[in-house]
4 protein chains.
Amino acid sequence: MGLQERRLREKEQRREQILDAGRELILKHGIYDVSVQQIAKLAELSVGTIYLYFDSKEEIFATLQEGILEVLYDEAEKAVAEVTDPSDKIRAIAEVYKRFSEENKKYFDVINYFISPLDVFFPKLLKTQVDQHGNRILSILVEVINEGIVSGLFEKVVPKRCSIIIWATLHGLIQFRKMRDTVLKEENFDELYRYSVDTFIEGLMKKG
Amino acid sequence: MGLQERRLREKEQRREQILDAGRELILKHGIYDVSVQQIAKLAELSVGTIYLYFDSKEEIFATLQEGILEVLYDEAEKAVAEVTDPSDKIRAIAEVYKRFSEENKKYFDVINYFISPLDVFFPKLLKTQVDQHGNRILSILVEVINEGIVSGLFEKVVPKRCSIIIWATLHGLIQFRKMRDTVLKEENFDELYRYSVDTFIEGLMKKG
Amino acid sequence: MGLQERRLREKEQRREQILDAGRELILKHGIYDVSVQQIAKLAELSVGTIYLYFDSKEEIFATLQEGILEVLYDEAEKAVAEVTDPSDKIRAIAEVYKRFSEENKKYFDVINYFISPLDVFFPKLLKTQVDQHGNRILSILVEVINEGIVSGLFEKVVPKRCSIIIWATLHGLIQFRKMRDTVLKEENFDELYRYSVDTFIEGLMKKG
Amino acid sequence: MGLQERRLREKEQRREQILDAGRELILKHGIYDVSVQQIAKLAELSVGTIYLYFDSKEEIFATLQEGILEVLYDEAEKAVAEVTDPSDKIRAIAEVYKRFSEENKKYFDVINYFISPLDVFFPKLLKTQVDQHGNRILSILVEVINEGIVSGLFEKVVPKRCSIIIWATLHGLIQFRKMRDTVLKEENFDELYRYSVDTFIEGLMKKG
DNA sequence: GATGAATGAGCCTTCATTCAT
DNA sequence: CATGAATGAAGGCTCATTCAT
């Protein structure tokens, strides 16, 4: 048992080594400029070993993304816990999402990498895995909105539907941020972003 | 005279040949798996000839995207012209955007290709060109919202700001559509999309 | 006649245009980075026309080199005419050669280009043409040394032989100049060069 | 243990395979017409493998040149050891250089390849490496001249300076050898070369 | 399990030369 | 004579993946 256990632990360790290296390299060079050879080198493992733990380079990236979403999820949860008003909770989540996209610009590209030309790129399974993690993040929003409804603060909307919409808006805006020098030239992005969230919340608020 | 004219026409024809091939290949394999050699082969031209008409592969893609956005712009304008109510105009634009993204699934990826890791990828000029086309589409929305305000139908919002937000929402939703089998499993995307637009319009409407 | 004459003149003009462009481009980019297309563009001629006046790119370069050697020859002659003492004349020639190699670094590479892997590169004819021009430069040296002998200043050496040797020395030194940062690190090249010439002259001087 | 050793040997073998192929191709086509693909084919290795052993094509050539200079160095040392008189030693070195240039005509071009438009062509490091080998050869000459001075045979010249000059002369002459059918038409090159060396030695000899 | 050498198709781009007009 | 569009082989180099050890 002790032996088997150690084996397992070591195996997990190797995976972590690989993922760490992948993360670091993505952060340094961007996802499109990371090769398996580079990962192997940084992880102080042989190329062949990489393929013992992952079936393909894509799988490494996908796993990495899970982790990234995990962090995002955790931060969102923490942020939500710090305030009590449902409106503020939404604001907090939005803030976390934006800050995350700024601080982890390169990581965020990983998310995009998997969302974008997804249909072509990935085996079904991989895609599903990744999406499941997205679900968790969504669920935080859902819960918050639900809370708002229950407490009589928000209108009786369909929580999931609204959550998806707000999330899509935020994601879309963050994506558009890349056009800040052209299309968004005269806009203050932070203001725009905040305004968008506030408007949305206002729409949720009970009228009258 | 006739000769020079014919020359020009032929030249334009070649460009079109190349673009057609590029389009077809993107449709078939996705933008990340299209090479200049493939384009040349399909266009029944030599590789060298490609570079007689375009300075780089990226330029081909950028030109392609301009065309796509052009079409999108035209369709949006047409759709807007067909209805009179500003709210309906917004709905029409949203519809065009969605329908376009469905009918041209792979083309839509071209747009994303240029939005995504843009900072790193493309020469400034190319990016600017592409974004300028994005601007035109935005301007339709701006005008419509403006119209709504002037006619006393909408609240006195900032048109550009709102346009960006609605566009970002639509774009984000369409992107999320790729998760229809997982995150959006129980959702009817079309309904969700429509609901999102309606909610937005409602937010714009003059209260009281 | 007038017509034929004009034709000839125009023809010569075109050649000159091409050579001018070639020269300018070599000076700007170095001989290894000049393409026929570039020459055509700068000469405001079509690529095809280039091949009407020259059989190949090499031929352009060879012709150019003739011209370069011509200039070198002229400068050497002028320098020689300005002093009377044969020793000084040799010094003057050496100076011209060095200065020329510095001021026309890129041109000088043209000379090297044709001297270096010559056997492989060029059709016999081209090589001969180029070499003939080399001969003229040599002849200046020969004459000077001869003069020195006749005037009783120099020993009765074989003029041509000595000329070749001094020329080879100068050429070799100039070539080695490229190693100024490594092999010649602690050497002052100008001094070294001058010393070499002086030593050689001293060897020529009548003893006793 | 035996395994690791064998691995190392095999690795060295591969490098040698590549260098052998490179050498052979340079000999056959001249250095300017050797491509990595050709080397790979002749070495019966894949292109990728070439890059496993060398970082670039230039590095292959540089390594080749190091080897060539090594051989030259060894032969020069051997030749020097066989005679005792410093004058004869210089003659011996000159002879080695000439013979080498004849027997390895194409190899010699490799040397020129690295001397010639070096400034532009090569990464600093490569150049430095190559030049360092040049230094070793120079040092043999320096030592011999020094010996001559110490033994009272030669004048008190600056050894390094003189060594550079003689080397430059020899190198220049060998280069001019390529014009043997034109500029040097009536000259017996071997005689000329020998004469040049003798004259130089004479200049070194103590007068009176 | 782990290794890492080997693969080789593929990438984008250049350019001397030709030839139909 | 002059044009310039067209060619297409060739260039150096990368990299995901495999497989014998």
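Note that the coordinates shown come from a computational prediction; the quantities given were computed from them, not determined experimentally. Just so it is clear: chains get the letters A, B, ... in the order the sequence lines come, proteins before strands, and each one is counted from 1.
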Contact check, residues 11-20 of chain D vs DNA chain E, heavy-atom distance under 4.0 Å, returns D/K11, D/R14
Taking OP1 and OP2 of F/dA2, is either one under 4.0 Å from a side-chain nitrogen or oxygen of C/Y53?
yes
Closest non-hydrogen contact found for A/D33 with A/H29 is CB-O, 3.7 Å
Those residues at least two apart in sequence (or on a different chain) that pass side-chain hydrogen bond (donor to acceptor under 3.5 Å, both in side chains) with D/D20 are D/R23
Between CG of A/L52 and C1' of F/dT17 the distance, given in whole Å, is 13 Å
Here the distance between atom P of E/dA16 and atom CG of C/D33, to the nearest Å, is 11 Å
DNA chain F nearest-nucleotide lookup for D/V36 and A/Y51: closer to the 5′ end is D/V36
Separation of E/dC12 atom C1' from B/E59 atom CD, nearest Å, is 14 Å
| Is it true that a side-chain atom of A/K11 and a backbone atom of A/R6 form a donor plus acceptor pair closer than 3.5 Å? | no
Under a 4.0 Å heavy-atom cutoff, the residues of residues 37-47 of chain A touching DNA chain F are A/Q37, A/V47
Parsed dot-bracket for DNA chain E after applying the Watson-Crick and G-U rules with both distances under 3.5 Å and | for other-strand partners is .||||||||||||||||||||
Sorted by chain and number, sequence neighbours left out, side chain to side chain contact (heavy atoms under 4.5 Å, CB included) with D/E12 holds for D/R15, D/E16
To the nearest angstrom, the CD1-P distance between B/I50 and F/dA6 comes to 11 Å
Nearest heavy-atom contact between B/L64 and B/I26 is CD2-CD1, 3.7 Å
By nearest-nucleotide position on DNA chain F, the 5'-leaning member of B/G48 and A/D55 is B/G48
B/R9 CZ to F/dA5 P, in whole Å, measures 16 Å
In whole angstroms, the gap separating P of E/dC11 from NZ of B/K57 amounts to 8 Å
Between OH of C/Y32 and C1' of E/dA16 the distance, given in whole Å, is 17 Å
Here the gap from B/E59 atom CD to B/I18 atom CD1, rounded to the nearest 0.5 Å, amounts to 10.5 Å
Would you mind classifying the nucleic acid contact of A/T49 as base, sugar-phosphate or nothing, using non-hydrogen atoms under 4.0 angstrom?
base
Separation of E/dC11 atom C1' from B/L25 atom CG, nearest Å, is 15 Å
Show me the donor-acceptor pairs within less than 3.5 Å that the side chains of residues 40-54 of chain D make with the rest of the protein, sequence neighbours left out.
| from | atom 1 | to | atom 2 | distance (Å) |
| --- | --- | --- | --- | --- |
| D/S46 | OG | D/T49 | N | 3.3 |
| D/S46 | OG | D/T49 | OG1 | 2.8 |

When every non-hydrogen atom of B/I39 is compared with those of B/A21, the smallest separation belongs to O-CB, 3.7 Å
